[in-house]
There are 2 protein chains.
Amino acid sequence: MKKIVLIGAGKLASQLAPALSVAPDVKLLQVYNRNHQKAKDLALSASCDYAENIRDISSQADLYIIAVSDRAIGQVATELKTVIPADSLVVHTSGATPSTVLGKSFSRFGVFYPLQTFSLSRKANFEEIPMLLDAARETDLIFLEELANSISPKVYRITDEERAQLHVAAVFACNFSNHNYVIAQEILGQKGLSLDLLRPLILETARMVQENSPENVQTGPAIRGDQPTLDRHLEQLADRPDLQHIYKLLSKHIQDAGSNRSS
Amino acid sequence: MKKIVLIGAGKLASQLAPALSVAPDVKLLQVYNRNHQKAKDLALSASCDYAENIRDISSQADLYIIAVSDRAIGQVATELKTVIPADSLVVHTSGATPSTVLGKSFSRFGVFYPLQTFSLSRKANFEEIPMLLDAARETDLIFLEELANSISPKVYRITDEERAQLHVAAVFACNFSNHNYVIAQEILGQKGLSLDLLRPLILETARMVQENSPENVQTGPAIRGDQPTLDRHLEQLADRPDLQHIYKLLSKHIQDAGSNRSS
């Protein structure tokens, strides 16, 4: 039985705790958060205990998972060091933070990174979520793999360097795509139109690349070299030079990428 | 019974023909395409006849649907005019082309625009597809509404001006999002990583905005004002000034949009 303490009660921790609490051969000992009420609520949803103070954190866990914001990880590790055994295995769940941040406080450290965007309201389905793992020691990595496999079939080993690269790619695939949805909604709003008109298209565009390579399903006036439509669109954005700028840059990049491939 | 002739055998026509062929109270009389073999194949998949030559197109249809590429619509309309009755109802299926292109050849014209991205390989589910309609005459618009309702519950009236706006928005929501997936795949490829790592994230990002407003689910270093991560990402893109440029522009736009809303 893998005994686990989870630190944090944000978007990820609040999805991870219930998933771990029902995973086979896993015992979620405690959750801890600076905000007692949040810790208490999360413990309730995951049917486990919670620690009121950091010094109440169990010293008996096989694994301590730090699932807090990137900038708080180092500080939490420093505090945690004072209350748990020196040879404890400690991981964080961040895509952006090197594992070595934990190496300052612990010799057995690693990363347990579920690559997904989480919200408080929408229940995450861990079976669909890639679990990206790293650890300073091979035996710890095997332990993390077993744990990850108990909540997802998609388990990968990934180095700090690869994870950093992946994080940049995720900004394009997720953050920038979502911002394009924001812009689309704004453009529609100018004529009183609802994003509902485009929601099915947004979903289908994402579905399309589940089985295809995105460059093979690129559509639109830029890839077609349809200059009259490109010109008309820019004219329609005349009162929004910021959007014209983005439109021009991305259209040109689509065309350059297309001609690089075909040449 | 609504008698229909469909002109075209591309991505949209090849999805629309089978959908119309099984719609209640609809009779797909013929499909026509310059390429005989394509027309024949499509007729087979939709269990209808096909016209070998444009002069073989039936004069008996209640509606002629021109589902060809934007730039060919005008030419097809001109040819069609010579073979069907002058008072025929003729529509096109384009998001980008004004309905008035048909007005040069016909007095009863309109638009029958399924707003979705289509591929030859993936069967479209019309029940999820918004059908955007317009017609010069109210009685024709009602006819188109009845027809559209027979394949989708999502039927909207939309003017040329609104449709033009919608088309720009769709470029951001669909074409530019897909290009961000292309870029993500490229960035991953630099370290030998697969897009499979990001496919679930891409899908969840699109799902997230099916129920939420995209600005409420924006995540990432830009919206958090996480300058160290932004700097690190730019450094990682050092050998790709083109991607740095896009990264900077979109990150700044996310931040500006965010601060406009909060101020």
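For clarity, every value in this text was computed on a predicted model and none was experimentally measured. Side chains included, hydrogens not; waters and symmetry mates left out as well; all remaining heavy atoms used. We name chains A, B, ... by the order of the sequence lines, and we start the count at 1 in each one.
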With respect to chain B, which residue among [options] yields the maximal number of heavy-atom pairs within a distance under 4.5 Å?
{"options": "A:Cys174, A:Gly220, A:Ala96", "value": "A:Cys174"}
{"options": "A:Leu115, A:Asn180, A:Val209, A:Thr219", "value": "A:Asn180"}
{"options": "A:Thr97, A:Ile158, A:Ile202, A:Ile129", "value": "A:Ile202"}
{"options": "A:Asp242, A:Leu188, A:Leu201", "value": "A:Leu201"}
{"options": "A:Gln185, A:Glu161, A:His167, A:Arg199", "value": "A:Arg199"}

Taking side chain as everything from C-beta outward and backbone as N, CA, C, O, which of these in [X] sits under 4.5 Å from a heavy atom of chain A? Side chain, backbone, both or neither.
{"X": "B:Arg232", "answer": "side chain"}
{"X": "B:Leu197", "answer": "both"}
{"X": "B:Ala164", "answer": "both"}
{"X": "B:Leu193", "answer": "side chain"}
{"X": "B:Ile246", "answer": "both"}

Could you tell me which portion of [X] (side chain, backbone, both or neither) has an atom closer than 4.5 angstrom to a non-hydrogen atom of chain B?
{"X": "A:Leu195", "value": "side chain"}
{"X": "A:Arg224", "value": "both"}
{"X": "A:Thr229", "value": "side chain"}
{"X": "A:Glu128", "value": "both"}
{"X": "A:Ser69", "value": "neither"}
{"X": "A:Lys154", "value": "side chain"}
{"X": "A:Ile183", "value": "side chain"}
{"X": "A:Tyr181", "value": "both"}
{"X": "A:Leu234", "value": "neither"}
{"X": "A:Leu166", "value": "both"}
{"X": "A:Val171", "value": "side chain"}

Counting neighbours of [atom1] on [X] that are heavy atoms of other residues, nucleotides or ligands and sit closer than 6.0 Å, is the number greater than 12?
{"X": "A:Gln190", "atom1": "CD", "value": "yes"}
{"X": "B:Arg122", "atom1": "CZ", "value": "yes"}
{"X": "B:Glu127", "atom1": "CD", "value": "no"}

- Message: side-chain hydrogen bond (donor to acceptor under 3.5 Å, both in side chains) for A:Asp70 and A:Ser94? Distances and angles first, verdict last.
- Response: CA-CA 7 Å; A:Asp70 289 354; A:Ser94 164; 2.8 Å; yes

Just so I understand: if I count every heavy-atom pair under 4.5 Å between each of [options] and chain A, which residue has the most?
{"options": "B:Ala222, B:Ala170, B:Pro228", "value": "B:Ala170"}
{"options": "B:Lys191, B:Arg71, B:His179", "value": "B:His179"}
{"options": "B:Ser251, B:Gly192, B:Pro130", "value": "B:Pro130"}

- Are B:Tyr247 and A:Phe176 near enough that their ring centres are under 6.0 Å apart?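 They qualify: ring centres under 6.0 Å apart.
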
If you round to the nearest 0.5 Å, how far is [atom2] of [Y] from [atom1] of [X]?
{"X": "A:Asn125", "Y": "A:Ser152", "atom1": "CG", "atom2": "OG", "result": "9.0 Å"}
{"X": "B:Leu147", "Y": "B:Ile65", "atom1": "CG", "atom2": "CD1", "result": "6.0 Å"}
{"X": "B:Thr93", "Y": "B:Phe118", "atom1": "OG1", "atom2": "CZ", "result": "8.5 Å"}

- For B:Asn178 and A:Pro214, indicate whether the former's side chain and the latter's backbone hold a donor-acceptor pair under 3.5 Å.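 Yes; at least one donor-acceptor contact below 3.5 Å.
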
- Item | Main-chain N/O of A:Leu102 paired with A:Ser105 side-chain donor or acceptor, under 3.5 Å |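 Here the side-chain-to-backbone pair does not exist.
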
- For side chain to side chain contact (heavy atoms under 4.5 Å, CB included), just list the numbers for B:Glu162 and B:Tyr156, CA-CA rounded to whole Å, side-chain angles, deciding distance to a tenth of an Å, and then say yes or no. CA-CA 11 Å; B:Glu162 289 169 335; B:Tyr156 302 86; over 6 Å; no

- Message: Apply side-chain hydrogen bond (donor to acceptor under 3.5 Å, both in side chains) to residues A:Ser213 and A:Glu215 and explain how you reach the verdict.
- Response: CA-CA 6 Å; A:Ser213 192; A:Glu215 76 258 26; 3.0 Å; yes

- Task: Write down the atom of A:Gly95, the atom of A:Tyr113, and the distance for their closest heavy-atom approach.
- Result: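 Nearest pair, atom of A:Gly95 first, then A:Tyr113: CA-CZ, 3.3 Å.
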
- Looking at A:Pro18 and A:Ser14, what are the two nearest heavy atoms and their distance?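 Closest approach of A:Pro18 to A:Ser14: CD-O, 3.1 Å.
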
